[in-house]
Number of protein chains: 2
Amino acid sequence: MSMESTATRGGLRGEVWAILRRLFREHRLRFLSAAAELDLHPAQAGALLQLAEPLSMNHLAGELGCDNSNVTGLVDRLAARGLVSRRESPDDRRVRQVVLTDAGRRTREQLLQRVGAPVGELGRLTEDEQRQLLELLRKVAPEER
Amino acid sequence: MSMESTATRGGLRGEVWAILRRLFREHRLRFLSAAAELDLHPAQAGALLQLAEPLSMNHLAGELGCDNSNVTGLVDRLAARGLVSRRESPDDRRVRQVVLTDAGRRTREQLLQRVGAPVGELGRLTEDEQRQLLELLRKVAPEER
DNA sequence: TATTGTTATACTCTATAACTATA
DNA sequence: TATAGTTATAGAGTATAACAATA
């Protein structure tokens, strides 16, 4: 009996999974390089990427998959570098929204450009193929809500 | 003129990229949950996943995208938990191979099972669709060498 | 009572630089 | 000289627990 897990067993699903894992890993390494180039720690870069819109500290922790208490120091350091600022929520005085500054928006754009390099590689597909891929991926990973 | 980067602009490629980024993020969060459930720090879990085969300290650092010097402490702590061991290379006495112990192999399997959950979601596709997806992904991300 | 955010603590991660042993 | 690995150091990430302010 094989000691290999579901994730590494052969077969069609296994092959698809293998290539997806490779994409995940390449994306992770590209992300780490991009963060290092911009002199950001991975968690800081992750936070910037999440901040397309202002987020509460709480929400940001959820998006980053880390504890609430970490975000305090994380945002402190980003704020010290002038990349984000805190502002109070008008609805709930307990809540603080984290907002990108202009410099933060620029840094975020630089991150996106570097991390988004593989978008170009989608050019290897014809338009029809791109449409097919989109539909297949949507079936595999439908939006949650 | 739009302030959006290549990575977030609309269009077909943009849509494919958006869904890929969602997959990347979900994978990351699943990975973090899996590591936490097994009481491993993300870097430790990442190292275990890389250790399908024995790797030199140097190679392991490359795979993890971190500096060589970090791997010393990382492997120290994994070894202290009985998950890996060091052994000398017969070819080059400078090199140390990192090898999983039996306990390390079991923990790695548990990680793979948790991280590999989406393999099941590939069942939403027919076999033909899985084959199509595989071919399209191979075109986008061909193997390096 | 429950939730948001902060602080304190302890441990881990990470890069840099300097070092040893080997090639 | 160059490379593999270690050590020392400093700054950052991380979870846990306890706390203040607000809901």
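Chain letters run A, B, ... following the sequence lines, proteins first, then strands; residues in each count from 1. All heavy atoms count here, side chains included; hydrogens, waters and symmetry mates do not.
The pair A:Glu15-B:Arg138 meets the salt-bridge criterion, since a charged nitrogen lies less than 4.0 angstrom from a carboxylate oxygen. A:Arg86 and A:Asp76 are joined by a salt bridge, as a carboxylate oxygen and a charged side-chain nitrogen come within less than 4.0 angstrom of each other. The residues B:Glu127 and B:Arg131 are annotated as salt-bridged, a charged nitrogen and a carboxylate oxygen being separated by less than 4.0 angstrom. Remark: A:Glu109 does not engage A:Arg105 in a salt bridge, criterion side-chain N to carboxylate O under 4.0 Å. B:Arg93 has no carboxylate O lying under 4.0 Å from a charged side-chain N of B:Glu88, or vice versa, which leaves the two without a salt bridge. Looking at A:Glu26 and A:Arg22, a side-chain N of the basic residue comes within less than 4.0 Å of a carboxylate O on the acidic one, giving a salt bridge. Using a cutoff of 4.0 Å between basic side-chain nitrogens and carboxylate oxygens, B:Glu63 and A:Arg25 are scored as salt-bridged.
Taking only side-chain nitrogens and oxygens, B:Arg77 never comes nearer than 4.0 Å to OP1 or OP2 of C:dC11. A sub-4.0 Å separation between OP1 or OP2 of D:dA4 and a side-chain N or O of B:Asn68 is absent.
In this structure, A:Asn70 reaches the bases: a heavy-atom distance under 4.0 Å links it to at least one base atom across the strands shown.
A straight line from CZ of A:Arg81 to C1' of D:dG11 spans 13 Å, rounded to a whole angstrom. Rounded to whole Å, the distance from CD on B:Glu88 to P on C:dA21 is 14 Å. Atom P of nucleotide D:dT7 and atom CG of B:Asp67 are separated by 15 Å, given to the nearest angstrom. If you take CG of A:Leu64 and P of D:dT14, they are 8 Å apart, rounded to a whole angstrom. The CG-P distance, from A:Leu74 to C:dT6, rounds to 11 Å in whole Å. Remark: P of D:dA4 and CG of B:Leu60 are 14 Å apart, rounded to the nearest angstrom. Counting to the nearest Å, the C1' atom of D:dG11 and the CG atom of A:Asp76 are 14 Å from each other. The distance between atom CG of A:Asp39 and atom C1' of C:dT14, rounded to the nearest whole Å, is 12 Å.
Both B:Gly65 and A:Ser56 lie close to DNA chain C; mapped to their nearest nucleotides by heavy-atom distance, the more 5′-ward contact belongs to A:Ser56.
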Between the protein and nucleotides 21-23 of chain D, are there any N/O to N/O pairs under 3.5 Å, and if so, what are the atom names and distances?
{"residue": "D:dT22", "atom": "OP1", "partner": "A:Arg93", "partner atom": "NH2", "Å": "3.1"}
{"residue": "D:dA23", "atom": "OP1", "partner": "A:Arg93", "partner atom": "N", "Å": "3.1"}

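Set against C:dG5, D:dA4, D:dA15, the side chain of A:Thr72 has C:dG5 as its closest nucleotide. Residue B:His41 has its side chain nearest to C:dT12 when only D:dA15, C:dT12, C:dA17 are considered. Taking only side-chain atoms of B:Met57, from C-beta outward, the nucleotide of D:dG5, C:dT16, C:dT6 with the closest atom is D:dG5. Comparing C:dC13, D:dA4, D:dG13 by their closest approach to the side chain of B:Gln44 singles out C:dC13. Minimum atom distance to the side chain of B:Ala43 is reached by C:dC13, of the listed C:dG5, D:dG5, C:dC13.
Side chain B:Ser69 to base C:dT16: a donor-acceptor pair is found below 3.5 Å.
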